[in-house]
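Both counts, for ligands and for their atoms, begin at 1 and track the order of listing. When a residue number appears, it is its place in the shown sequence, counting from 1.
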Amino acid sequence: MARTDAIVLGGGIVGTSVALQLAKRGLSVALVDRAGLGEQTSFGNAGIIEGNTVFPPTFPADLRRLARIATKRASEANYHLTFLPKVLPWLLAFRAASQPQRLIETAHLIRPLFASAVPEHDALLKEAGTPQLLRKTGWLKVYRREATFAGLQREFDVAAEMGLPLQPLDTAGAQALEPALGGVFAHAVFWPEAASVSNPFRVTLAYALRLRVLGGVTVSGDARTLHRKGQGWRVETDEGGVDAPEVVLALGPWAGDFLKGLGLRLPFAVKRGYHRHFRGRGNASLARPVLDADYGYCITPMEMGIRMTTGVEFASRDAQPTPVQFERIMPAARQLFPLGERADDKTWMGARPCFPDSRPVIGRAPGQSGLWLAIGHAHWGLTLGPSTGRMLAEMMTGATPFVDPAPYRAERFL
Ligand SMILES: Cc1cc2nc3c(=O)[nH]c(=O)nc-3n(C[C@H](O)[C@H](O)[C@H](O)COP(=O)(O)OP(=O)(O)OC[C@H]3O[C@@H](n4cnc5c(N)ncnc54)[C@H](O)[C@@H]3O)c2cc1C
């Protein structure tokens, strides 16, 4: 295994998908992770494949909402005060990217890649022999405040322009889809073209297994040992040094630790998030993920129970977990769905790797021959893993990428 065509550093959903798409195109690939594959950010997400995405998450424009976040009363966001000075430039860039015109531009730029999200997962899960992990049952978003629902009109208009189906529903219409929901909301929107998975961890493992079947190698090693070797690169692993002409950096929230050393000043930050599992009371169950938009949390039916995932927390990636958002969410969540006892004994924390324009960086690393980036997938790493992998693998093998890679170039920040 001393020499391969490509080394992929980072075995989350993004790196594993990239490695698999390279192997499908006949390359010999080594997928290197210092921990277990799929055990970090890709382990604990809400499991939604958001093929329907129109607008990215935005910086709050509403002063009332901003004040609630600032005074730590909001359930959708939390922050560590000491972290704010560090993340301030990023937040300002995020706010600029949240202006209405920029959102419309972003929606159009990202549509082609998102349009392929569900079909790419569908194809890979079938190849991997695990199609049952995918549920094509859509995504339901419920709205308690009239103003929040009224604020969706621009998103509806852009969705209509793009031919993206959605169904605005009243309480009874939403309850016809999800009978266990309490009537605490007046409006809902059903996005039929979103899908979800019943266990995100098993999706990464299924892709890793398929990679091995195609001759790829998964090996334990530390990306910090990466160095130039002749015209190519070498990384040290538990099974010795591995050399390759091409390396892909897919290190999720840890990518930021490497960029400066590679001479790349990219505006990278993390948005932390948490999950807990619950049982449904009585026979209560869900058929699809449900977002309680005004409280910023999601409940998704999973193999382990109902997974509740929180909104964002701005804090240093490695700071102690502070899952205070659950205290703010739980009374509202119990009104929306009959949550029973906890189905786990630990709160999980992950860190979404983010750029302020919400677009990942996928493509060549500027100034570093043979180095490629697949980083910053923010709220959509599960969604975009296979599509990112396909686009990057096509670029790396000299094929014409199936969607225009220009919106994802690192150079947009340089
Ligand atoms: C609460 C929450 C809910 C979410 N919900 C959704 C959702 O519903 N849908 C969706 O699409 N996305 C969702 N996301 C986002 C999604 O989970 C991430 O975008 C995605 O998991 C990122 O994948 P990744 O492969 O880039 O990173 P990771 O999964 O973190 O993988 C990076 C890998 O790099 C490895 N690594 C790090 N440092 C080194 C090193 N020095 N040497 C070797 N290996 C190293 C790590 O061990 C890890 O395995 C959610 C995120 C959170 C936190």
Practice problem: Check each atom of ligand 1 against the heavy atoms of Thr383 and keep those under 4.0 Å away; list them by number with element. | Solution: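 Numbered from 1, ligand 1 contributes 9 (N), 10 (C), 11 (O).
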Self-check item: Distance filter under 4.0 Å to Gly10 heavy atoms, resulting ligand 1 atoms
Solution: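 Numbered from 1, ligand 1 contributes 33 (C), 34 (O).
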Quiz item: So, is Leu384 polar-close to ligand 1, with some N/O to N/O distance under 3.5 Å?
Solution: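 Such a contact does not occur with ligand 1.
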Quiz item: Numbering the atoms of ligand 1 from 1, which are under 4.0 Å from a heavy atom of Gly221?
Solution: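 Counting atoms of ligand 1 from 1, those under 4.0 Å from Gly221 are 42 (N), 43 (C).
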Quiz item: Do NZ/NE/NH1/NH2 and the carboxylate oxygens of Asp257 and Arg317 come within less than 4.0 Å?
Solution: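 Salt bridge: yes.
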Self-check item: Those atoms of ligand 1 less than 4.0 Å from some heavy atom in Gln40
Solution: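 Those of ligand 1 that fall under 4.0 Å from Gln40 are 30 (O), 46 (C), 47 (O), 48 (C), 49 (O).
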Self-check item: Residue pair Arg307 / Thr300, side-chain donor-acceptor N/O under 3.5 Å
Solution: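 Judged by distance alone, the side chains do not pair up.
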Quiz prompt | Option whose closest heavy atom lies nearest to atom 10 (C) of ligand 1, chosen from Arg224, His379, Arg272 | solution =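 Residue with the shortest heavy-atom distance to the ligand atom: His379.
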Quiz prompt | Atoms of ligand 1 close to Asp222 [distance to a heavy atom under 4.0 angstrom, numbered from 1] | solution =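 Checking each atom against Asp222, I get 40 (C), 41 (N), 42 (N).
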Quiz prompt | Contacting atoms of ligand 1, where contact means under 4.0 angstrom from a heavy atom of Ala46 | solution =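 Contacts of ligand 1 toward Ala46, numbered from 1: 3 (C), 4 (C), 5 (N), 6 (C), 7 (C), 8 (O).
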Exercise. Flag the pair Asp294 and Arg144 as a salt bridge only when some basic side-chain nitrogen lies within less than 4.0 angstrom of an acidic carboxylate oxygen.
Key: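 No.
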Practice problem: Look only at interatomic distance and state if Glu39 has a nitrogen or oxygen under 3.5 Å from any nitrogen or oxygen of ligand 1. | Solution: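 In fact, backbone or side chain, Glu39 has no N or O that close.
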Quiz item: Is it the case that Thr218 and Arg212 place a side-chain donor and acceptor less than 3.5 Å from each other?
Solution: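 Yes, a side-chain donor-acceptor pair sits under 3.5 Å.
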Exercise. Determine whether any heavy atom of Ile13 lies closer than 4.0 Å to an atom of ligand 1.
Key: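 Judged by the 4.0 Å heavy-atom criterion, Ile13 does count as contacting ligand 1.
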Quiz item: Counting distance only, does the side-chain N/O of Ser42 pair as donor-acceptor with the main-chain N or O of Gly38 below 3.5 Å?
Solution: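 Looks like no, no N/O pair under 3.5 Å.
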Exercise. Could you tell me which non-hydrogen atom of Thr309 sits nearest to which non-hydrogen atom of Gly44, and how far apart they are?
Key: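 Smallest interatomic distance, heavy atoms only, reads CG2-O, 3.9 Å.
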Quiz item: Which residue holds the protein heavy atom closest to atom 27 (O) of ligand 1, what is that atom called, and what is the gap in Å?
Solution: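 Protein heavy atom with the smallest distance to atom 27 (O) of ligand 1: Gly252 CA, 3.3 Å.
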Quiz item: Taking 4.0 angstrom as the limit, do Glu394 and Arg25 come out as a salt bridge?
Solution: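 The answer is yes: the pair qualifies as a salt bridge.
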Exercise. Distance to 0.1 Å, residue and atom name: give those for the protein heavy atom nearest to atom 39 (C) of ligand 1.
Key: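 In this structure, atom 39 (C) of ligand 1 has Arg34 NE, 3.4 Å as its nearest protein heavy atom.
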Quiz item: Would you say the side-chain atoms of Thr16 and Thr204 include a donor-acceptor pair closer than 3.5 Å?
Solution: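 Distance-only check fails for Thr16 and Thr204.
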Exercise. Ignoring hydrogens, just give me the one of Ala223, Gly11, Ser42, Gly381 whose non-hydrogen atom is nearest atom 23 (O) of ligand 1.
Key: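 The residue whose heavy atom sits nearest atom 23 (O) of ligand 1 is Ser42.
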Quiz item: What pair of heavy atoms forms the shortest contact from Val8 to Ala250, and how long is it?
Solution: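 It is CG1-CB, 4.5 Å.
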Exercise. Scan Arg328, Lys271, Arg272 and name whichever one has a salt bridge (Lys or Arg N to Asp or Glu O under 4.0 Å) with Glu313.
Key: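 Single pass found, and it is Arg272.
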Quiz prompt | Option whose closest heavy atom lies nearest to atom 30 (O) of ligand 1, chosen from Thr388, Thr310, Ile49, Thr41 | solution =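 Checking each option, the heavy atom nearest atom 30 (O) of ligand 1 is found in Thr41.
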Quiz item: Out of Val14, Val8, Val312, whose heavy atom sits nearest atom 24 (P) of ligand 1?
Solution: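 Checking each option, the heavy atom nearest atom 24 (P) of ligand 1 is found in Val14.
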Quiz prompt | Output field: ring centroids Phe201/Phe43 closer than 6.0 Å | solution =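 Yes; Phe43 has its ring centre under 6.0 Å from that of Phe201.
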Exercise. Write down the atom of Leu164, the atom of Gly51, and the distance for their closest heavy-atom approach.
Key: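 Looking at all heavy atoms of both residues, the shortest contact is CD2-O, 4.4 Å.
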Quiz prompt | Heavy-atom nearest neighbour of atom 45 (C) of ligand 1 within options Thr53, Leu249, Val197, Leu251 | solution =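 Among Thr53, Leu249, Val197, Leu251, the closest heavy atom to atom 45 (C) of ligand 1 belongs to Leu251.
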Quiz prompt | From Ala378, Cys354, Pro289 - option closest to atom 15 (C) of ligand 1 by heavy atom | solution =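 Among Ala378, Cys354, Pro289, the closest heavy atom to atom 15 (C) of ligand 1 belongs to Ala378.
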Quiz item: Of the protein's non-hydrogen atoms, which lies at the shortest distance from atom 17 (O) of ligand 1, and what is that distance?
Solution: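 The closest heavy atom on the protein side is Asn45 ND2, 3.1 Å.
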Exercise. Could you tell me which non-hydrogen atom of Leu37 sits nearest to which non-hydrogen atom of Leu205, and how far apart they are?
Key: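 In terms of heavy atoms, the two residues are closest at O-CD2, 3.8 Å.
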Quiz item: Arg352: heavy atom below 4.0 Å from ligand 1, yes or no?
Solution: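 The answer is yes, since Arg352 has a heavy atom less than 4.0 Å from ligand 1.
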Exercise. Identify, for atom 31 (O) of ligand 1, the protein heavy atom at the shortest distance, and state residue, atom and that distance.
Key: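 Ranked first by proximity to atom 31 (O) of ligand 1 is Gly12 CA, 3.3 Å.
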Practice problem: Give yes if a backbone or side-chain nitrogen or oxygen of Asp33 is under 3.5 Å from a nitrogen or oxygen of ligand 1, and no if not. | Solution: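 N/O-N/O distance under 3.5 Å: yes.
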Practice problem: Compute the shortest N/O to N/O distance between Ile48 and ligand 1 and return yes if it is under 3.5 Å, no if not. | Solution: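 There is such a contact, yes.
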Quiz item: Does ligand 1 have any atom sitting under 4.0 Å from a heavy atom of Ala374?
Solution: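 No; Ala374 lies far enough from ligand 1 that no heavy-atom distance drops under 4.0 Å.
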Self-check item: Arg342/Asp344 ion pair, N-O < 4.0 Å
Solution: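 Yes.
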